[in-house]
Number of protein chains: 2
Amino acid sequence: MSAPEFKAPPTIGSAAMLGDCATLLQGYPDQCVDLIVTSPPYADQRASTYGGIRPDDYVAWFLPRSEQFLRVLKPTGSFVLNIKEKAVNGERHTYVLELILALRKQGWLWTEEYIWHKKNCFPGKWPNRFRDAWERCLHFTRQRQFKMNQQAVMVPTGDWAQTRLKSLGKNDVVRYDSQVGNAFAKNIANWQGREMAYPTNVLHLATECGNKQHSAAFPLALPQWFIKLFTDEGDVVLDPFAGSGTTLQAAVELKRHAIGIDVAQEYVDMCREILAPVQGRTMEPRTPYVTQRSRKTVRPESDRCGLSQQAPGES
Amino acid sequence: MSAPEFKAPPTIGSAAMLGDCATLLQGYPDQCVDLIVTSPPYADQRASTYGGIRPDDYVAWFLPRSEQFLRVLKPTGSFVLNIKEKAVNGERHTYVLELILALRKQGWLWTEEYIWHKKNCFPGKWPNRFRDAWERCLHFTRQRQFKMNQQAVMVPTGDWAQTRLKSLGKNDVVRYDSQVGNAFAKNIANWQGREMAYPTNVLHLATECGNKQHSAAFPLALPQWFIKLFTDEGDVVLDPFAGSGTTLQAAVELKRHAIGIDVAQEYVDMCREILAPVQGRTMEPRTPYVTQRSRKTVRPESDRCGLSQQAPGES
DNA sequence: GGGAGCTATGAATCCGCAC
DNA sequence: CGTGCGGATTCATAGCTCC
């Protein structure tokens with residue numbers, strides 16, 4: 001809405017900032033972001049940082065922030081919102097449904113709802129429900145025409161995976177993959193024709209349960225998939241609730257600019273560690289490069305999600 | 001709402017009736033149904049049997065019918081609604097979201113949302129979306145305490161399915177199944193000890209296709225799963241939009257009473273064929289029994305969904 | 001009898017064209 | 001310029017042949 005005096009540099013660098021995105025984004029110009037991928041604090045969660053938004057207040061809390069998202073997003077950009085409503089008093093709360101309706105009123109188009117199927121979801125047992133193994137990835141856009149690189153996330157067809165892939169040795173597959181690099185899917189599509197298929201709107205991704213000190217809101221493969229799908233190299237990716245920086249890490253690995261915002265200094269520090277190797281760079285990295293921390297080698301793109309999203313095999 | 005003069009017999013028999021459930025259900029007493037499983041006609045522009053309900057009119061069309069559902073359902077009963085919103089003008093329509101909110105106002109509790117992951121979804125390619133591979137199975141109840149037989153839908157754990165089950169031939173599994181009858185899962189549990197697990201709220205089921213003359217709205221395993229989960233033997237299952245009778249078939253196979261309603265004579269005829277073997281019976285069938293039509297042998301329960309819902313194996 | 005190969009088909013969606 | 005119809009696109013699965 002407001003036309004800020006601040007002008008973005010010709011090339012926005014990656015950065016992690018401390019603050020509330022509701023106010024911090026006001027310093028950003030209109031239409032400077034290609035993609036927003038975020039997993040906001042769920043209602044009643046992270047009480048210490050965001051003050052524990054109550055489910056009934058969630059929409060009112062969210063709208064001023066999404067208003068900024070709408071302003072800074074390019075017309076061809078996308079906004080991917082990973083969220084799942086809580087069960088309150090034995091019933092699913094409706095704040096996510098109400099949020100979708102409210103965002104449409106705000107000017108967003110509710111283009112699609114992707115399902116993230118969590119293959120290894122949290123264990124537990126309750127008398128009136130089973131374990132919750134899925135979350136919504138709501139896809140909002142400003143226009144009906146937007147940037148979508150469908151080829152970038154193609155997956156092997158079922159036949160190919162069940163017959164052709166099995167006939168190859170495992171090492172053959174891996175070696176072939178690494179030689180071709182991140183043009184894997186694209187080149188296969190050109191060479192092999194019908195042996196690659198477009199994925200569906202259901203993503204099969206396991207939650208990461210490794211030795212990370214803090215639980216990421218979603219696995220790296222999730223932002224990877226949307227970043228590949230909705231941006232090109234050099235585009236700008238924003239996570240206004242950056243948390244431990246999973247979205248930023250995915251963006252940096254894929255040679256996109258990454259902007260992260262969080263209200264907690266601890267999280268901003270973690271984001272800065274992720275961004276450290278690319279701070280001030282002009283975004284033309286040699287590959288592969290390695291982060292300073294003990295995170296795995298940052299490969300340009302291992303097509304993790306492409307493989308993981310492969311449809312489940314039958315018994 | 002109206003207190004009908006018609007009194008249900010001590011044991012309600014299975015039946016398929018021609019008419020609109022909005023009016024036909026008024027002849028039924030309060031609280032005579034244990035479970036409603038249905039896949040209503042989705043909003044559509046085209047005129048079909050239901051006259052092609054427009055998306056904008058869908059909620060208003062639905063509410064008088066769900067009001068009857070609420071009345072005839074027992075307090076401990078469940079209402080499972082399989083539905084998916086259409087893409088209209090490049091955007092997901094919101095009528096399903098609005099329907100959920102409206103049903104809550106009507107008195108329903110939105111207890112859970114199960115996801116049916118369609119492994120073989122309709123093909124196609126569009127510039128702004130991928131193939132739609134999932135549908136909602138909305139679970140509504142009247143009370144926070146309701147009947148839920150979680151044990152009835154337990155599934156073998158991953159290790160078991162990937163080793164023990166695979167070592168058996170397909171015929172072995174089927175033969176074993178028919179010998180043991182609907183205690184299949186139970187006996188497996190006895191065999192294997194503790195290697196059964198509760199499922200999640202994501203169901204992996206393929207749509208049934210092939211040379212069936214009529215299209216079933218959903219695969220048999222879908223109503224099977226909910227019927228096992230939310231009813232006991234002898235309970236009453238209602239499908240107010242019965243269609244080709246998939247829900248009724250599942251109910252009959254599982255020795256539940258089945259009530260089907262549809263506005264199309266053609267569909268009612270199909271439902272009656274399914275119910276023919278059990279018409280007027282006191283619901284103590286020997287097993288296995290066979291339908292007159294060319295459908296497969298009606299086994300008491302093949303635990304199809306239990307196997308299908310097995311979590312996808314990793315690559 | 002089982003496995004490879006072929007074919008039909010399914011709650012789809014977008015776009016262009018006619019009216 | 002809204003409304004409606006038909007064509008093009010696309011893939012996992014069942015069910016069938018044919019060795």
Side-chain angles (χ1 to χ4, degrees), chain A residues 109 111-113 144-146 148 150-151 154-164 166-167 189 192-202 204 309-315, chain B residues 38-50 52-56 58 81-93 95-96 116-137 169-172 174 204-223 239 241-244 246-247 262 264 267 294-296 304 308 312:
Chain A
L109 298 178
T111 297
E112 181 59 304
E113 179 170 346
R144 293 187 165 76
Q145 308 273 358
F146 52 88
M148 190 177 192
Q150 301 194 351
Q151 263 197 330
M154 290 184 84
V155 294
T157 57
D159 284 340
W160 190 74
Q162 284 168 17
T163 61
R164 188 73 170 259
K166 274 183 182 171
S167 66
Q192 304 287 338
R194 305 195 39 86
E195 298 193 339
M196 299 291 287
Y198 293 102
T200 69
N201 58 0
V202 176
H204 294 271
Q309 212 224 342
Q310 185 50 229
E314 285 292 20
S315 62
Chain B
T38 195
S39 191
Y42 295 1
D44 204 343
Q45 315 256 358
R46 296 180 191 174
S48 61
T49 51
Y50 277 89
I53 310 110
R54 306 287 283 252
D56 291 341
Y58 197 81
L81 182 62
N82 167 230
I83 196 168
K84 182 63 187 272
E85 56 268 32
K86 301 246 171 216
V88 176
N89 200 12
E91 195 184 6
R92 286 283 167 202
H93 202 281
Y95 61 89
V96 174
W116 169 27
H117 170 40
K118 295 187 283 187
K119 300 172 64 172
N120 57 339
C121 58
F122 201 91
K125 185 186 183 308
W126 310 275
N128 57 345
R129 67 184 65 253
F130 287 134
R131 289 170 293 145
D132 192 3
W134 64 277
E135 294 191 11
R136 306 177 196 278
C137 292
K170 206 169 191 175
N171 287 337
D172 294 325
V174 171
H204 293 271
L205 303 174
T207 57
E208 288 174 355
C209 59
N211 56 3
K212 288 176 73 173
Q213 302 214 341
H214 41 269
S215 63
F218 44 55
L220 188 60
L222 193 71
D239 187 344
F241 310 101
S244 57
T246 309
T247 298
D262 206 281
Y267 283 129
S294 63
R295 289 193 178 230
K296 310 178 195 77
R304 251 168 281 195
S308 302

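Letters A, B, ... mirror the listed sequences (proteins, then strands); counts begin at 1.
Protein atom CD of A/Gln151 is 11 Å distant from nucleotide atom P of D/dT10, rounded to whole Å. At whole-Å resolution of the value, NZ in B/Lys119 and P in D/dA14 are 9 Å apart. If you take CG of B/Asn120 and C1' of C/dA12, they are 13 Å apart, rounded to a whole angstrom. The nearest whole Å value for the distance from the OH atom in B/Tyr267 to the C1' atom in C/dA11 is 10 Å. Taking atom CG of residue B/Asn82 and atom P of nucleotide C/dA11, one finds them 11 Å apart after rounding to whole Å. Atom pair B/Leu81:CG and C/dA11:P shows a separation of 17 Å (rounding to whole Å applied). What separates OH of B/Tyr42 from C1' of C/dG10 is a distance of 13 Å, to the nearest Å. Per the geometry, CE belonging to A/Met196 stands 15 Å off C1' belonging to D/dT10, to the nearest Å.
Each of C/dC15, D/dT13, C/dA11 was ranked by its minimum atom distance to the side chain of B/Ala206; first place goes to D/dT13. Residue B/Arg54 has its side chain nearest to D/dG4 when only D/dG4, C/dA11, C/dC15 are considered. Of all nucleotides listed (C/dA12, D/dT9, D/dA12), D/dT9 comes nearest to the side chain of B/Lys125. The nucleotide whose nearest atom lies closest to any side-chain atom of B/Pro123 is, among C/dT13, D/dA12, D/dT10, D/dT10. Among the nucleotides C/dA12, D/dG4, C/dT13, the one closest to any side-chain atom of B/Arg92 is C/dT13.
Distances shorter than 4.0 Å separate none of the side-chain N or O atoms of B/Arg131 from OP1 or OP2 on D/dT10.
Panel note: side chain B/Trp126, backbone B/Gly90; no donor-acceptor pair is recorded below 3.5 Å. No donor-acceptor distance shorter than 3.5 angstrom exists from the side chain of A/Gln145 to the backbone of B/Pro127, with no hydrogens or angles considered. In this structure, the side chain of B/Thr207 engages the main chain of B/Asn120 through a donor-acceptor pair within 3.5 Å.
Checking D/dT10 for Watson-Crick or G-U wobble geometry (two distances, each under 3.5 Å) identifies no partner in any strand. Across all strands shown, C/dC19 forms a Watson-Crick or G-U wobble pair, both distances under 3.5 Å, with D/dG2.
Among the protein residues, B/Phe218 comes within range of no part of the nucleic acid, since none of its heavy atoms lies under 4.0 Å from any strand. As judged by a 4.0 angstrom heavy-atom cut-off over every strand, B/Pro40 is placed among the base-contacting residues. If you check every strand for non-hydrogen atoms under 4.0 Å, A/Arg144 touches nothing.
Between the side chain of B/Ser39 and the base of C/dA11 there is at least one donor-acceptor pair of N/O atoms closer than 3.5 Å.
Between B/Arg129 and A/Asn201 the shortest side-chain heavy-atom distance does not fall below 4.5 Å.
Applying side-chain contact (heavy atoms from CB on, under 4.5 Å) to B/Asp132 and the options B/Lys86, B/Lys84, B/Glu85, B/Lys118 leaves one that passes, B/Lys84.
Nearest-nucleotide mapping onto DNA chain C: of B/Phe122 and A/Gln145, the residue sitting toward the 5' end is B/Phe122.
Heavy atoms only, all atoms of each residue included: A/Thr111 and B/Asn128 are closest at CG2-O, 4.1 Å.
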